[in-house]
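Just so you know, ligand 1 is whichever comes first in the structure, and atom 1 is the first atom listed for that ligand.
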Amino acid sequence: MLSIPRWLFSFGCSLVPRIIMLMSEQPLVGVVMGSKSDYETLSAAVEILRALGIPHEARVVSAHRTPDLLYSYAETARARGLRVIIAGAGGAAHLPGMLAAKTLVPVLGVPVAATQLNGLDALLSIVQMPKGVPVGTLAIGKAGAANAALLAAEMLATTDEVLYQRLAAWRAATTQEVMEQELPG
Ligand code: RP5
């Protein structure tokens, strides 16, 4: 995956792996994960949301360990101002689908490689939502988490011209980075 250009880190942010993280009073994107152990993967989403200056929150919400929290998170998401939820989980990975079942805020699912099946289990679980309750499913692991953040940004940018310009600059920077790459020998 392409590295993130340093100049885009407008907040001078280094990645601080805290499980609950509020960037602003009213986050637009909620990043949730089934376990603290998922943060290594989901941090790729948080990093990009930070770099793009998108207010967000990140926390652990487990489908099987904290089902009541899952319900209340989903039920209050829209009223709290969330416009997109990024949900990462491994194994049976019920979290994205259950959140989607309880809210109309769009849910982007990130399969986490957490078991002997290396994320294939989570991918098949998240992507196979029955018709009627969609979860936008991304790739397994950090690439999927990063793309979930970029996709959330694109969704928000449909009604936010400033963010659109920031995203355009991001895309241009990644293009430029590839153009400048040289192979050894
Ligand atoms: C899932 O089980 C979590 O999303 C995580 O990917 C996996 C393992 O969780 P821990 O046992 O590390 O807490 O619910």
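For the ligand labelled ligand 1, residue His64 lies inside the 4.0 Å heavy-atom shell.
Judged purely by atom type and a 3.5 angstrom limit, Lys142 uses its side chain to pair as donor or acceptor with the backbone of Glu40. Remark: the backbone N or O of Gly141 is not paired with any side-chain donor or acceptor of Thr41 at under 3.5 angstrom.
Side-chain atoms of Glu161 and Gln165 include a donor-acceptor pair closer than 3.5 Å.
A salt bridge links Glu154 and Arg171; the closest N-O separation between the charged side-chain nitrogens and carboxylate oxygens is under 4.0 Å.
Scanning the protein heavy atoms around atom 2 (O) of ligand 1, the nearest turns out to be Gly90 O, 4.1 Å. For atom 13 (O) of ligand 1, the nearest non-hydrogen atom of the protein is Ser35 OG, 2.6 Å. For atom 11 (O) of ligand 1, the closest non-hydrogen atom of the protein is Arg65 NH2, 3.3 Å. At the shortest separation from atom 5 (C) of ligand 1 among protein heavy atoms lies Asp38 OD1, 3.2 Å. Among all non-hydrogen protein atoms, the one lying nearest atom 8 (C) of ligand 1 is Ser37 OG, 4.1 Å. The closest protein non-hydrogen atom to atom 7 (C) of ligand 1 is Ala114 CB, 4.0 Å.
Residues Leu95 and Ile126 have side chains not in contact (no heavy-atom distance under 4.5 Å, counting atoms from C-beta outward). Counting only heavy atoms from C-beta outward, the side chains of Leu104 and Arg78 never approach each other to under 4.5 Å.
Heavy-atom proximity to Gly34, at under 4.0 Å, picks out these atoms of ligand 1: 3 (C), 4 (O). If you number the atoms of ligand 1 from 1 as listed, the ones under 4.0 Å from a heavy atom of Ala89 come out as 4 (O).
Taking the ring axis of Tyr39 as reference, the NZ or CZ atom of Arg59 does not stay both within 45° of it and closer than 6.0 Å to the ring centre.
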